[in-house]
**Student:** 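If you scroll down you'll find the structure; I have some questions about it.
Remember, predicted model here, so these are calculated numbers, not experimental data.
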2 protein chains.
Amino acid sequence: MYEDLKYWYLRDHKLFRTLSFGQIRQLCIITGFKKAQKGEIIYFSSSDLPRIFLLKKGNIKIVAVDEEGNETIKDIIQKGDLFGELTLEADSQSNEYAKVLSDDVAICSFLMSDFEDLLLRNPSMALSYTKFVGLKMKRIKNSYANLISKDAKTRLFQFLKDWAEKEGVRTENTVVIDNYLTQNDMAQIICTSRQTATQLLNEMETNGTIVYSRKEIIITDMRKL
Amino acid sequence: MYEDLKYWYLRDHKLFRTLSFGQIRQLCIITGFKKAQKGEIIYFSSSDLPRIFLLKKGNIKIVAVDEEGNETIKDIIQKGDLFGELTLEADSQSNEYAKVLSDDVAICSFLMSDFEDLLLRNPSMALSYTKFVGLKMKRIKNSYANLISKDAKTRLFQFLKDWAEKEGVRTENTVVIDNYLTQNDMAQIICTSRQTATQLLNEMETNGTIVYSRKEIIITDMRKL
DNA sequence: AACCATTTGTCGGCTATATTACAGTTACTG
DNA sequence: CAGTAACTGTAATATAGCCGACAAATGGTT
């Protein structure tokens with residue numbers, strides 16, 4: 001991987017646009033780069049130094065494993081998203097891994113400590129980053145508020161709506177989403193059982209609201225969602 | 001309110017400890033200061049410039065009102081906490097107010113824009129602030145994770161435990177908490193109905209786990225919680 | 001083609017919790 | 001001290017959605 005290519009990989013993220021070549025090179029010296037295939041599991045080894053990751057291509061899910069071995073989906077990361085220790089505080093006890101959902105992914109990473117140095121030298125970037133973290137917080141708050149106050153059906157609707165808006169391809173009022181999730185994944189995201197999710201999806205299919213297959217989901221009329 | 005007193009009000013918050021007198025004076029020039037009594041309602045008027053608040057004394061709750069007029073508790077703010085537009089992004093549509101829970105409160109505030117200027121001039125403070133926001137995010141994530149995966153009883157236990165640790169006065173293994181919340185408040189915080197909360201509290205009382213009154217809550221044995 | 005793992009579909013029974021409804025208790029206010 | 005508003009207590013009913021169990025479909029692999 002050539003230095004200048006790495007440069008562009010970081011540069012085209014809005015957070016890094018204001019940086020000069022020199023500034024990014026500081027990060028790049030230690031920038032990691034990784035490709036992976038569908039189904040692969042990427043561990044954030046806690047022995048390693050804490051890092052911040054940038055997903056350049058594809059989709060992954062972050063899965064947390066609790067004491068009893070239950071797996072819960074913490075986050076779905078899409079192209080262009082930053083993930084990892086965004087709070088700039090390493091937390092050791094969390095037991096998480098990432099699983100590749102799309103056919104292949106490309107991931108950049110850099111050390112948290114280097115990123116901190118960069119922020120110290122770039123106050124305006126530090127401010128942007130603070131706002132970025134704040135925005136993330138607001139989103140999380142919102143989605144949790146949904147989880148708590150709405151029923152499973154509404155949650156699924158909302159989820160599909162968000163997904164369609166973020167990644168769907170729209171023509172007229174129908175939206176086609178590339179479906180890289182299983183019904184079980186979706187159930188976990190909207191915090192319900194797999195069975196309930198299945199039932200709701202089928203219900204929507206018989207209603208004509210969506211056409212569901214393992215490859216793609218078609219929302220026939222976005223306005224009705 | 002004398003300038004130097006305002007200075008100390010800000011200065012003794014850990015976030016502002018690194019600032020010089022001069023730096024804080026910048027904020028102080030426009031620092032607001034306010035006292036209020038129990039039951040008073042403080043509106044964050046959206047017409048006003050966005051502010052960041054610091055609760056110097058007492059307790060307040062932040063209540064959000066949705067379209068249908070339902071009220072939900074968004075946050076309980078305690079002495080020393082920052083609140084308001086922590087994300088540094090004004091958001092206009094949110095309809096929130098603060099209600100004073102303790103006998104009286106003292107609140108400092110300063111303009112978000114002034115705070116931003118300060119962060120731009122103090123990169124290391126910007127970094128601390130980012131970590132602070134991050135910590136807040138982590139807490140929120142945690143409490144929501146509890147809300148979703150645990151049942152009402154566990155949630156109440158957890159809530160009491162947290163409360164006792166934060167504000168309780170401990171002697172041996174018994175903890176006394178100054179109870180400025182109604183059972184309805186608690187129910188809202190742990191996201192359950194008032195009736196369920198009442199039942200659970202009574203159950204705990206007959207079990208001997210707690211002694212409940214409107215003035216204080218005594219946890220007889222902290223180890224059993 | 002045969003096999004196996006994963007994903008999806010379906011069905012009752014079960015339980016925690018919301019909801020409705022009302023009664024009793026506290027504590028402030030004139 | 002009476003009156004009222006805000007809390008707290010209790011019980012009966014209704015239900016969303018979890019769970020276990022199993023069958024069917026799909027898709028990849030040898």
**Student:** Can you pull the ring-ring contact (aromatic ring centres under 6.0 Å, His included) pairs that have at least one residue in residues 170-192 of chain A, sequence neighbours excluded?
**Tutor:**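 Residue pairs with at least one partner in residues 170-192 of chain A: A/W163-A/Y180.
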
**Student:** Name all residues meeting the side-chain hydrogen bond (donor to acceptor under 3.5 Å, both in side chains) criterion together with B/K136; count only those two or more places apart in sequence or in a different chain, and write none if there are none.
**Tutor:**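 B/K136 satisfies side-chain hydrogen bond (donor to acceptor under 3.5 Å, both in side chains) with no other residue.
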
**Student:** Does A/V65 offer a backbone N or O that forms a donor-acceptor pair with the side chain of A/E71 under 3.5 Å?
**Tutor:**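 Not a single qualifying donor-acceptor pair exists.
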
**Student:** Figure out the CG/P separation between B/D185 and D/dC7, and round it to whole Å.
**Tutor:**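 Distance, rounded to whole Å: 8 Å.
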
**Student:** Using whole Å, what does the distance between atom C1' of nucleotide D/dA16 and atom CD of A/Q199 come to?
**Tutor:**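 In whole Å, D/dA16 C1' and A/Q199 CD are 11 Å from each other.
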
**Student:** Please list, chain by chain and in numerical order, all residues satisfying side-chain hydrogen bond (donor to acceptor under 3.5 Å, both in side chains) with B/D221, sequence neighbours excluded.
**Tutor:**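 B/R223.
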
**Student:** What are the bounds, 5' to 3', of the part of DNA chain C that sits under 4.0 Å from heavy atoms of chain A?
**Tutor:**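 Footprint of chain A along DNA chain C, 5' to 3': C/dT7 to C/dT10.
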
**Student:** Strictly distance-based, threshold 3.5 Å: is any side-chain N or O of B/T87 a donor or acceptor partner for the main-chain N or O of A/L135?
**Tutor:**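 Between the backbone of A/L135 and the side chain of B/T87 there is no qualifying donor-acceptor contact (under 3.5 Å).
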
**Student:** Measure the CD-CG distance between A/E205 and A/N207 for me, rounded to the nearest 0.5 Å.
**Tutor:**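 The CG atom of A/N207 is 10.5 Å from CD of A/E205, to the nearest 0.5 Å.
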
**Student:** Which of residues 141-163 of chain B have a heavy atom under 4.0 Å from DNA chain C?
**Tutor:**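 Those residues whose heavy atoms fall under 4.0 Å from DNA chain C, taken from residues 141-163 of chain B in numerical order, are B/D151, B/A152.
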
**Student:** Using the benzene-type ring in the case of Trp, are the ring centres of A/F115 and A/Y129 under 6.0 Å apart?
**Tutor:**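 Between A/Y129 and A/F115, which both carry aromatic rings, the centre distance is below 6.0 Å.
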
**Student:** Quick check for you: to the nearest 0.5 Å, what is the distance between A/L181 atom CG and A/Q183 atom CD?
**Tutor:**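 Here the interatomic distance stands at 10.5 Å.
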
**Student:** Please check this pair: side chain of A/D185 against backbone of A/T182, looking for a donor-acceptor N/O pair closer than 3.5 Å.
**Tutor:**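 Side chain of A/D185 to backbone of A/T182, a donor-acceptor pair under 3.5 Å: yes, one is there.
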
**Student:** Round to a whole Å and report the spacing from CD of A/E203 to C1' of D/dG17.
**Tutor:**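 In whole Å, D/dG17 C1' and A/E203 CD are 13 Å from each other.
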
**Student:** Whole-Å distance between D/dA6 P and B/N184 CG?
**Tutor:**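 Rounded to whole Å, this separation is 12 Å.
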
**Student:** D/dG17, OP1 or OP2 - any side-chain N/O from A/T196 closer than 4.0 Å?
**Tutor:**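 So the side-chain polar atoms of A/T196 never come under 4.0 Å of the phosphate oxygens OP1 or OP2 of D/dG17.
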
**Student:** With nearest nucleotides of DNA chain C determined for A/N202 and B/L200 from heavy-atom distances, which residue corresponds to the more 5′ nucleotide?
**Tutor:**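 Looking at the nearest nucleotide for each, A/N202 comes out on the 5' side.
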
**Student:** I need the CD-C1' distance between A/Q188 and D/dC18, as an integer number of Å.
**Tutor:**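 Answer to the nearest Å: 15 Å.
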
**Student:** Identify all pairs in which a protein N or O lies below 3.5 Å from an N or O of nucleotides 22-28 of chain D, and state each distance.
**Tutor:**
none

**Student:** In residues 174-182 of chain A, what residues come within less than 4.0 Å of DNA chain C, judged by heavy atoms?
**Tutor:**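 Heavy-atom contacts with DNA chain C come from A/T182.
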
**Student:** Might you work through the side chain to side chain donor-acceptor pair (under 3.5 Å) test for A/T130 and B/T130, ending with a clear yes or no?
**Tutor:** CA-CA 5 Å; A/T130 304; B/T130 303; 2.7 Å; yes

**Student:** Donor-acceptor pairs are to be reported for all side-chain atoms of residues 147-154 of chain B against protein atoms at under 3.5 Å, with residues two or more places apart or in another chain.
**Tutor:**
unit_1	atom_1	unit_2	atom_2	d
B/S149	OG	B/A145	O	2.9
B/D151	OD1	B/T154	N	3.1
B/D151	OD1	B/T154	OG1	2.5
B/K153	NZ	B/E203	OE2	2.7

**Student:** Applying side-chain hydrogen bond (donor to acceptor under 3.5 Å, both in side chains), can you list everything that pairs with A/S102, at least two apart in sequence or on another chain?
**Tutor:**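 Partners of A/S102 by the side-chain hydrogen bond (donor to acceptor under 3.5 Å, both in side chains) criterion come out as none, since no residue qualifies.
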
**Student:** How would you list all residue pairs meeting salt bridge (charged side-chain N to carboxylate O under 4.0 Å, His left out) that involve residues 161-180 of chain B, not counting sequence neighbours?
**Tutor:**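 Residue pairs with at least one partner in residues 161-180 of chain B: there are none.
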
**Student:** Any donor and acceptor pair, going by atom type alone, linking the side chain of A/R155 with main-chain N or O of A/I190 inside 3.5 Å?
**Tutor:**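 At least one qualifying donor-acceptor pair exists.
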
**Student:** Bend across the helix from C/dA1-D/dT30 to C/dG30-D/dC1, to 10°, with axes taken over 5 pairs at each end?
**Tutor:**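 Answer rounded to 10°: the end axes differ by 40°.
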
**Student:** Are any side-chain N or O atoms of B/E40 and backbone N or O atoms of B/Q37, one a donor and one an acceptor, separated by less than 3.5 Å?
**Tutor:**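 Such a contact is found between B/E40 side chain and B/Q37 backbone.
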
**Student:** Does B/T196 have any side-chain hydrogen bond (donor to acceptor under 3.5 Å, both in side chains) partners at least two apart in sequence or in another chain, and if so, which?
**Tutor:**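 In terms of side-chain hydrogen bond (donor to acceptor under 3.5 Å, both in side chains), with neighbours along the sequence ignored, B/T196 is linked to B/S193.
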
